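A short worksheet on the structure shown next.
Proteins come first, then strands; the chains are lettered A, B, ... in the order of their sequence lines, and each starts at number 1. No experiment lies behind these values; they were computed from the predicted model shown.
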Amino acid sequence: MGIVIDKSLCIGCGTCLGACGSGALEMTDEGFAAVNDQCVMCGMCVDACPVGAIELKKDVGDNDISAYHGIWVFAQQSEGEILPVAFELLGKGRELADSLGEALTAVCFGSNVKNPEKLIHAGADSVLLADDASLAFPMDLPYADLLTNLIHERKPAIVLYGATAFGRSMAPRVAATVGTGLTADCTILEIDEETKLLRQTRPAFGGNLMATIICPNTRPQMATVCLGVMPALEPNTARTGNIERLQIKPQQFDAVKLLNTISEITGDNIIDYDILVVAGKGVGSKENMKIVKRLAELLGGNYGVSRPLVDAGWAEYQHQIGQTGCSVSPKLLISVGVSGAIQHLSGIGGAQTVVAVNTDPDAPIFGVADYAIVGDCIEFMQEMIAQLEEK
Amino acid sequence: MQAELIKPMSEDFADYLRDESRSIGHAEHIAFPHSEEEIVAALRACYQQGEKITVQGARTGLAAAAVPYGGCIINMSRMNRVTAMRHENGTYYLTLQPGVVLSELKKMIGSKKFDTADWDEDAKQAYVDFCKDGEFFFSPDPTETSATIGGMVCCNASGARSYHYGATRPHIHRVRMALADGRIISAERGKGRANGYDAVFTCEDGSQVSAKVPSYRMPHTKNASGYYAEKDMELIDLLISSDGTLGVMTEIEVTLLPQPQIIWGVSLLFENEQSSLEFVDQMRRTVEGVASVEFFDTGALDVLREQKRKSTAFSALPVIEPFVTTVVYVELHCDTEEQAQQRLFAVGEAFTKAGGKEENSWVARNQSDLDRLMFFRHAVPESVNMLIDQRKQKDPTITKLGADMSVPNEHLFDVVKLYRATLKENNLESATWGHVGNNHLHVNVLPNNAEEYNRAKELFKTWAAKVTEMGGAVSAEHGVGKLKAAFLTIMYGEKHIDEMRALKRAFDPKWLLGVGNLFSEKEGI
Amino acid sequence: MKILVCVKQVPSTNEVRLDPVTKTIIRDGRQAVINPFDTYAIEEAVRLKEKHGGTVCAISMGIPATERLLRDAMARGVDQSILLTDRAFAGADTLATSYALSLGAKQVGDFDLIICGKMAVDGDTAQIGPELSAQLGIPYVTDVCEILESSEEKLRCKKITDHGFAEVEIKLPALITVSKDINMPRLPSISGVRFSLQAPFRVYTAAEVGADVNRCGLSGSPTQVVKSFTPDRTHQATHLNGTTSENADAVLKIFEEVR
């Protein structure tokens, strides 16, 4: 078990030594790579090896997984309204279900959930709906309990969750209770043609690397999926399917009591704007946020920021765009001084036109931009402001 | 005049008439050269017309050296490329255009990311070595990291870590400079010295510039007051700290140092100022590996407390308990963790001996904690500026008045006593911080009105005389520029100022460069 | 109050630097640090201890060098710490990690509260807290940004939700994960550093905590990484190479078009 190096294939090139982040590989006197006890089994060397001589071996369990079928999408609601991410997941879920030749089921918990048929229109074959007053506000313990019981009972092969704050909080409780894997914040999902396993790709190392993960021996295969990266299907109102209202009384958990909720995002939400100016660390100072705000105002838009700016106290959380903030899809997004960590990029995937200004020509933001300006973003914004004020 | 290169001044360029000293000058033209050729072209054009020339970096200076008194501004902001790297005997050298910004330079060195597209093969090879090698850094660390390297060389800037590594000067290996008439000279460390007090530079066209090195003796303290002068001195040192009066730098080669393995910081919280000075005195004799020793007095801490209360921008600051009147920050650069630990405990012992309690300290042993203590240091001047801006709304004539004087070690207690007594006598509010390890404190008077402002200005002149008596320097790191020219005369006297004038005239006979910096053209003007 | 804090060692930077020639990852000398989110967990635990009395124990699963970071936690007010370190733990995903941590927690025994950072900055999964709560069968609240009230029996917390905040009450023993807004962690003092050098620290192997090796490390991890790659950034943008004024003009034209 662990890293195994096939000496008959190893050419002694040393590439793996450079790829190892733990200093766990060395060259033997015979000119082969060898692994020492620093190894944390991250698998970096497996990909780095140009001749495929390295393998991460693992004992295969004898779990019977043949009873698990179908794809589930957990459809989160808020005050009875199904969240947009549910439809995004169904879009992707449809594609996965078709390539597996299996059914797609939306699972929704709430109280007085409005229009569950929309889930069918968005691609689901059927809906499992638990509608009960106690489920009105998403709470980890009752939701996880209910979902765990359903999984045990009906055995889905795949369960997908939106990577919302709640999805990221509830799904791991389900995973650990069921005893299966969970891949967080996936940006790519696909079915392996040979093995029919779900290939789940997510950013690692702050987005500097992407990792593809599988869950071969336990079921269901579970993932939370980044918001705004999977396109929803156009609703097809002609689609029909069974909406099964579950006749179960959710268990009450008095260990955690909801006392009240404070809704902070009211009215002015950046996701509603067609024009956004989005600032990153490159704007230099809190003071310079005034320039960003002024430009946004002149363009009749709003402003967003990357996570470090919220962490630094330069902007409020409501303006944060990216994996842990919100996902936006404006007509025009002007990105200023944003380097473009993948977590941020996942939040701007829906933008129609992206203009990026950054001094670093290698900044990843340019990889998703339609227009690139290599230069000082403050100078650029001041010039924009001057030209707009002239008009 | 070269119309494209040299533009007439207009409203658009108004910002270029001022710098961080917040004084405002006037000019007729401005040029933003991109290359040495363009610098020379601009200089020649001015030389022909007899037009004065003021060189500018990032205008972060506090002594108004970059503020023009008429004529043409040559602004270096477009000359901001790193043009080569050299690897010799294990040392790395970087060739910089003078407009390279320090923060950018630090970032490039730290991340080992350079735009090498235009580099020659040798430089690219050096870069390959550099990438494989350990970590390196450029040690000069003025608080204002948006300064340009050219500006730093012009005033021999320093920072907290200059306590250990020295100011900018020792880290400058080679300088190329265009003279007012467009001729080019260069000087390299280790190559070329004055013969006694005779300095001779050979220009690229073969002509020579001969000058007499001034005969004064420089103070044995941190010093950025006027020309460097010493018998048999290295020629390059004459060009460093010349405040834009001898020529325009076109290229600067800097030396990189290996990054210390371990950097730890500790802030010590004192109940009274006297024990903080006793601590400094004790610690610098007993603890090794100290890279910087910084100081914050009650006035500074009170301003900080006030701004932290008012603004969320400072919420990341640690809570400063009411009993704390003085904070001393010590940074340790060490080879191993064991060594760092020993030294930290040695600091703790000196602290205890001076009446402190070890639990009243903040230790930073990783980057994010160091960043927090650094933020504390930067927040002090920033919050004082905010306070002054508030007061300015009531009286626009006032501004912050900051002293930049240093004295030898044996006068630390005397100079603090002098500051305290005279500030009290004059009933002036102040906030003091700075490089106490070098006995170099920035006493900042916070005037409430124009009358207090003027009183403070007079007080500073008396300090200049007293500090000179103690064998100190009137400007330790900000440079003299225009604002402190009068102090320089107090420090060296007219006779030596005349020697400086003669030196300048040898380089710049038409008296066009950096007019008003260091001294006036004629006595008493 | 007996409080447990989970700590993870992470690299001090997420930057992946590639050798310009060989294009392989350069290992740099920068030291590992405590996951920044965990520093808030440590501070909150120490504050609760200062208020209610009791002890704080830090727990980590990792390589032996993690001792240095656990000692750092002890310089910041933690009383004791334990490290789970064993070859059998290597290669663990979140499920296997939370299993190991749950065994560590049982060694400490009769705790009132476990505090975890909201997530680790290297993995970004935010799964350890909820999974550990499941392994121990205790209630949990994630994303806590303020503890409004605390007693030996329960906590009243403000937590971040998808649409703002919620106020919840949780009975102890329980687990919470905390966000960065919850506090401003203190820096250690010199006396704290002195304490940390001789503070109680214990290492446990898999066998010592009674672990089922099939549930640990690589064997106990249902997920496995099959491929890692640098993200595709070949998408071609149109470069605007004009002067600032020309570029601004061009962008304003784009603005007019989309509006």
Keeping C/Y140 on the side-chain end and A/S169 on the backbone end, is there a donor-acceptor pair under 3.5 Å?
yes
Chain C contact via A/V46 - which portion, at a heavy-atom distance below 4.5 Å:
neither
So do C/S245 and A/Q387 actually touch side chain to side chain, heavy atoms under 4.5 Å?
yes
Please state whether the side chain, the backbone, both or neither of C/K180 comes within less than 4.5 Å of a heavy atom of chain A.
side chain
Please lay out, stage by stage, how C/T223 and A/T183 fare under the test side-chain contact (heavy atoms from CB on, under 4.5 Å).
CA-CA 8 Å; C/T223 62; A/T183 307; 4.2 Å; yes
Determine whether C/E167 and A/T261 make a side-chain contact, defined as any pair of heavy atoms from C-beta on separated by less than 4.5 Å.
no
Flag the pair C/V225 / A/T212 as yes when at least one side-chain heavy-atom distance between them is below 4.5 Å, and no otherwise.
no
Hey, could you give me the CD/OG1 distance between A/E379 and C/T244, rounded to the nearest 0.5 Å?
4.5 Å
Mind checking whether A/R173 and C/S133 have side chains closer than 4.5 Å, heavy atoms only?
yes
Which atoms of A/T353 come close to chain C, meaning under 4.5 Å heavy atom to heavy atom: side chain ones, backbone ones, both, or neither?
side chain
The criterion is ring pair (Phe, Tyr, Trp, His ring centres under 6.0 Å); which residues satisfy it with C/Y99, sequence neighbours excluded?
none
Do C/V226 and A/I213 come within less than 4.5 Å of each other through their side chains, counting heavy atoms only?
no
Under 4.5 Å between any side-chain heavy atoms of C/R156 and A/L259, yes or no?
yes
To the closest 0.5 Å, what do you measure between CD (C/E131) and OG1 (A/T177)?
9.0 Å
Please state whether the side chain, the backbone, both or neither of A/T224 comes within less than 4.5 Å of a heavy atom of chain C.
neither
Pairwise side-chain contact, C/Q127 with A/L182, heavy-atom cut-off 4.5 Å (strictly under)
yes
Chain A contacts: which residues in residues 246-255 of chain C have a non-hydrogen atom closer than 4.5 Å to it?
C/N247, C/A248, C/D249, C/V251, C/L252, C/I254, C/F255
How many angstroms lie between CZ in A/F366 and NE2 in C/H239, if you round to the nearest 0.5 Å?
6.5 Å
At a heavy-atom separation under 4.5 Å, does A/F253 approach chain C through its side chain, its backbone, both, or neither?
neither
Does any non-hydrogen side-chain atom of A/R168 lie less than 4.5 Å from one of C/M119?
yes
Chain C contact via A/L299 - which portion, at a heavy-atom distance below 4.5 Å:
both
When you measure from the side chain of C/D162 to the backbone N and O of A/A165, does any donor-acceptor pair fall under 3.5 Å?
yes
Separation between CD (C/Q224) and CG (A/L197), nearest 0.5 Å, reads 9.0 Å
Contact origin within A/N260 toward chain C - heavy atom pairs under 4.5 Å:
both
Interatomic spacing from CD1 in A/I262 to CD1 in C/I160 - rounded to 0.5 Å
11.0 Å
